[in-house]
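These notes are about the structure you will find just below.
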Amino acid sequence: MMRDSYRNPFSGTNAVTLDDQAILVYWCSPFAYRLFSEIKENDIFEDPNNIVFMGGRSTGKTMFLRYWSFPVQMKLAQNFKQSHGKKVFEYFKMMGGIGYYIRVDGLVLRSFSGFGIDIEKWNSIFVHYLELIIGRAYVESIKAINDEGEIDQVELQSQFIPQVASLVGNTSVKNLEGLLNELDARIREVDVYRGNIPFYNEEFRPKIGFASQSLSFGIPRIAKRTLKVFKDDTKFVLLIDEYENFLEHQQRVVNTMLRFTTSDIKLRIGMRLEGFRTTSMISSDDFIKEGREYRKVVFEEVLIKDQGYQDFLREVSRKRLEGVRIFKEKGKTNIVEFLSNSEDLEQEAVEIVSKNPNKILDFFNKHIPSDSMVMVQHKANPLLGLLNILWLLRGVSPEETRHAMEKYLKGDWQDEKAKKYRMDYIDKYKLSLMFVLCSIYRRNKKYYSFNTFSFLSSGIIGNFIELCRRAFQYAEFEDKEGLVVHARISKEQQNKAAMDVSESELQQLIRIEEHGSRIYKFICNLGNVFRDFHKDERIRYPETNQFTVDSNTIAPEDCRRAFSAAIKWSAIQRKSRLQQPAPGKHLRDIFTINRIYCPSFQISYRTRGGYSVPLLPKDIELFMSNENVDSKPFVPKKKDDQDDDQFTMDLFGKE
Amino acid sequence: MRQVLYDMRLVVDSREHESAQDIETFVLAAGSDYRAYEVLRKLQSRGICIRNLILFEFTERLEQIELGDSYGDYSRFVADKIVKIGCSIRNPKSSLGDLLSNQSAFIDRTVSLDISCFTKPFFFYLLKLFKERFRLQRIDVFYTEPLSYLFPRGIFSSYHSTLGPLTILEIPGFSGLEQRGEKRILVILLGFDGDLARGINEDVSPSEVVAVNGFPGYAPKFKDISLIANEKLTSDRDVVVVYSRANNPFEVFNLLEKISIQSSGAFINIAPLGTKPMALGACLFALHNPSSRVVYPFPESYLRVTTDRCWNSWKYEIPLVLDVSNGNNGP
């Protein structure tokens with residue numbers, strides 16, 4: 001029974017491969033969770049600007065674009081038809097347009113180069129190919145609408161089909177299926193050529209050649225001109241995915257389309273951050289520019305501004321858990337129930353010190369008299385004991401420290417010291433103390449709980465799903481009954497999953513096609529610098545895991561490009577607006593390390609924002625060129641003249 | 001269903017010895033691996049004469065030669081005529097001009113190809129070229145198994161035979177023909193490098209994945225190393241794991257034929273990451289099913305040496321043209 005009705009709810013995650021029905025099943029509208037402030041739902045079809053959606057791998061771009069595509073929307077339109085007794089086209093009119101999802105896989109894109117053919121010739125062949133792909137998507141949708149009986153047959157037969165047939169160079173075509181076959185045959189010419197070119201030195205000679213926009217803009221024009229259903233302001237919206245995979249000459253083709261879109265034809269493009277290889281266009285010195293040809297929406301937010309993201313993750317998880325019969329039947333569809341809401345740091349600390357409780361005293365006995373430490377010890381909660389030692393290191397007397405702790409434990413908030421103590425413990429140092437404790441005991445910090453996983457995911461939904469997939473996998477292997485019957489995944493199992501995903505993501509960096517090795521070294525060195533900050537027993541710069549650099553001045557060129565690639569692959573994330581790297585400093589670009597790497601380096605998954613390591617362009621070059629760079633020069637010996645007190649955050653709440 | 005009744009023999013097999021004949025054209029890649037010239041050595045030891053030795057010298061490998069390297073040892077084995085083809089390992093077409101100008105060594109000749117030190121994309125290219133441009137009906141393919149692979153980071157860490165970043169590409173000449181609305185199937189012949197399989201799966205984005213594990217392998221542990229390295233891929237619910245003998249290309253061919261028939265109308269993508277004999281089976285399938293696509297990760301460069309010593313050497317008789325009139329065929 002258990003075996004039959006259980007499967008890992010988080011496996012099978014690629015939105016490209018989900019069928020249209022599955023897209024609807026798994027769809028969680030980001031608009032409902034206020035994830036985007038820059039865009040409203042009806043902008044997808046109605047915004048007169050082109051829109052570029054940027055985000056790292058697995059941020060949900062493909063799911064988003066596919067949701068708006070014709071085949072998925074057609075299913076909703078058919079539901080609309082059934083429930084409202086209206087035509088399917090009424091639905092598309094209500095939405096404001098029809099979306100055409102265009103994804104050319106990277107393998108095909110990369111095949112349009114090399115073999116001794118110059119790039120301009122490849123460009124012409126690619127333009128021809130892309131026009132055919134887009135043209136075919138239009139005709140498929142019109143055929144589907146026609147199959148619903150919603151297109152006037154006289155208009156179709158006497159005007160639309162003859163005009164499109166003429167455009168594609170075969171006037172003998174008499175129906176929509178014939179048009180599709182004709183377009184298929186022309187696409188096949190390109191595929192055959194791609195297959196033959198390695199063995200022959202021959203020119204590409206298609207039956208008819210298509211220039212940029214001839215079909216992509218031409219067919220909508222004919223539809224608007226000849227078919228009544230398209231005559232109002234229903235837009236043709238091209239949803240082009242994985243733009244970053246387009247080679248430079250191919251991006252010029254799309255850029256040219258961006259420039260020349262009309263009021264009826266708009267582009268929505270999905271791409272990685274830094275996904276533009278070029279802003280040039282096909283045949284002129286002109287270029288495209290943000291704000292003029294397109295506006296940008298970023299999917300991947302570094303800061304989790306409110307509960308919206310976590311609510312979104314809960315909903316994504318709920319849909320997946322509901323897809324597993326045994327969980328649905330038992331009503332176990334809340335991911336928080338499986339992972340627990342947040343960490344229990346006190347318990348974790350007790351486990352760490354249990355075998356050698358005096359190791360903390362031994363560690364500090366060179367700096368602090370033993371009797372003072374004994375006076376402030378708290379055996380039941382080693383983190384409080386450690387905080388007390390921190391106070392002693394900062395010059396507070398043992399008596400005063402003990403008094404503050406006792407008042408805090410009694411909840412006496414009239415006492416100023418108790419309030420200060422609470423702020424230090426709860427708001428500022430609890431997690432930092434945990435890292436110091438782990439460092440003293442040479443043990444690894446555990447990464448577990450829904451809150452931790454959501455932070456580790458760094459705004460990348462795919463990371464969260466992968467963390468859950470691994471955790472469920474460990475739980476299934478080690479304690480299937482606990483998982484399936486009690487909805488329980490232990491913190492050890494979760495931690496193993498977090499470590500696996502972190503290490504796997506780190507290793508993936510080496511495989512990045514361009515600059516992978518540099519990015520890997522950069523992240524390793526950066527992570528180790530941050531690690532040294534976390535080992536500082538005086539916690540002068542708590543939870544430091546971000547840095548600042550003037551990225552425009554990075555040299556040489558290879559390093560500058562590698563830095564961009566690190567952003568493109570979300571190895572580092574740029575904060576959405578300029579911030580102060582430290583109190584009193586000028587506003588600068590701040591970057592964080594992707595928090596999915598935090599378990600590998602044993603650093604905090606939160607971003608406190610107190611201190612950003614100032615890096616110079618030469619440091620970036622050093623980090624990218626060398627393994628095991630010495631961290632010491634990057635960790636200040638004395639604290640700057642900043643007041644860390646002004647930076648507070650709830651440990652398990654908002655940043 | 002087309003099936004290849006196979007003929008694979010150990011090169012040192014006594015029956016082979018009895019029927020040994022001189023070889024008209026022998027195609028070989030120069031390399032520094034211990035096994036690079038093992039077949040040459042065995043053939044010579046049995047007195048088999050090679051009339052034309054077509055030797056591929058890759059510029060990338062020439063740059064890596066070290067002092068005392070065994071790279072040049074091919075010269076110890078006599079051939080009536082050695083034709084050197086200088087080309088780039090990353091660009092098989094760079095050999096086309098030289099091969100066409102030496103086509104008399106191929107057309108209407110019995111041709112043998114030692115794939116031991118060719119990269120997989122390169123021997124795929126050569127086999128298609130032999131079929132398409134030289135109209136060869138069949139070819140003898142030799143292969144020497146390594147005694148072991150080199151695992152510099154331990155056997156359960158990823159094995160890498162390449163250096164630097166990778167670009168996943170269609171193998172030249174094997175881009176396939178995808179029809180509108182076809183379901184995509186990806187067949188991955190598993191190797192030891194799990195990250196590669198994941199990368200290819202992401203790039204191809206198929207609706208179904210069949211992972212083929214080489215079992216029995218060259219050594220019992222290889223099957224498990226491969227499964228562990230590919231755990232992330234194989235644990236996905238949409239992935240089916242099947243097994244095929246690691247040193248038998250014909251078994252892979254037959255498996256692919258079966259998959260092709262079972263999923264009629266699907267666009268089959270093959271990623272031959274496993275052993276070279278398995279890749280040879282994939283190549284054989286793709287030659288006879290040109291609508292299928294073969295994809296492979298192309299690195300910036302390969303490691304100079306990736307294997308340790310030699311085990312068996314095999315000879316496979318590969319039909320480049322199948323006679324389907326009698327339902328199945330073999331050499």
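So you know, we letter chains A, B, ... as the sequences are listed, proteins then strands, and number each from 1.
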Based on non-hydrogen pairs under 4.5 Å, which of [options] is most in contact with chain A?
options                                : answer
B:Gly176, B:Ser205, B:Ser175, B:Ser207 : B:Ser205
B:Arg180, B:Arg293, B:Glu202           : B:Arg180
B:Leu177, B:Ile171, B:Leu96, B:Leu100  : B:Leu177

Portion of [X] that has a non-hydrogen atom of chain B nearer than 4.5 angstrom:
X        : answer
A:Glu140 : side chain
A:Leu109 : neither
A:Ile187 : neither
A:Asn196 : neither

Please determine, among [options], the option with the most heavy-atom pairs under 4.5 Å with chain B.
options                                : answer
A:Asn201, A:Leu107, A:Ile197           : A:Leu107
A:Asp191, A:Asp19, A:Val192, A:Asp184  : A:Asp184
A:Asn245, A:Asp500, A:Leu180, A:Leu183 : A:Leu180

For this session: Answer with yes or no whether the side chains of B:Arg109 and B:Thr25 bring together a donor and an acceptor at under 3.5 Å.
Result: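 Checked: B:Thr25/B:Arg109 side chains show no N/O donor-acceptor pair below 3.5 Å.
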Part of [X] within contact of chain A (heavy atom distance under 4.5 Å):
X        : answer
B:Lys183 : neither
B:Leu169 : both
B:Gln179 : side chain

Exercise. Strictly under 6.0 Å, is that where the ring centroids of B:Phe122 and B:Phe58 end up?
Worked result: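 Ring-ring flag for B:Phe122/B:Phe58: true, centres closer than 6.0 Å.
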Is it the case that over 12 heavy atoms from other parts of the model lie below 6.0 angstrom from the [atom1] atom of [X]?
X        : atom1 : result
A:Glu627 : CD    : no
B:Asp108 : CG    : no
B:Arg133 : CZ    : yes

Problem set entry | Ion pair check, A:Glu514 and A:Lys568, cut-off under 4.0 Å |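 Salt bridge: no.
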Exercise. Under 6.0 Å from the six-membered ring centre of B:Phe174 and within 45° of its axis: does the NZ or CZ of B:Lys128 meet both?
Worked result: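 Ring-cation test returns yes.
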Problem set entry | Ring-face cation of A:Arg272 near A:Trp569 (centre distance under 6.0 Å, axis angle within 45°) |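 Yes, A:Arg272 sits over the ring of A:Trp569.
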Problem set entry | Contacts of type ring-ring contact (aromatic ring centres under 6.0 Å, His included), residue B:Phe123, not counting sequence neighbours |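 B:Phe123: no ring-ring contact (aromatic ring centres under 6.0 Å, His included) contacts found.
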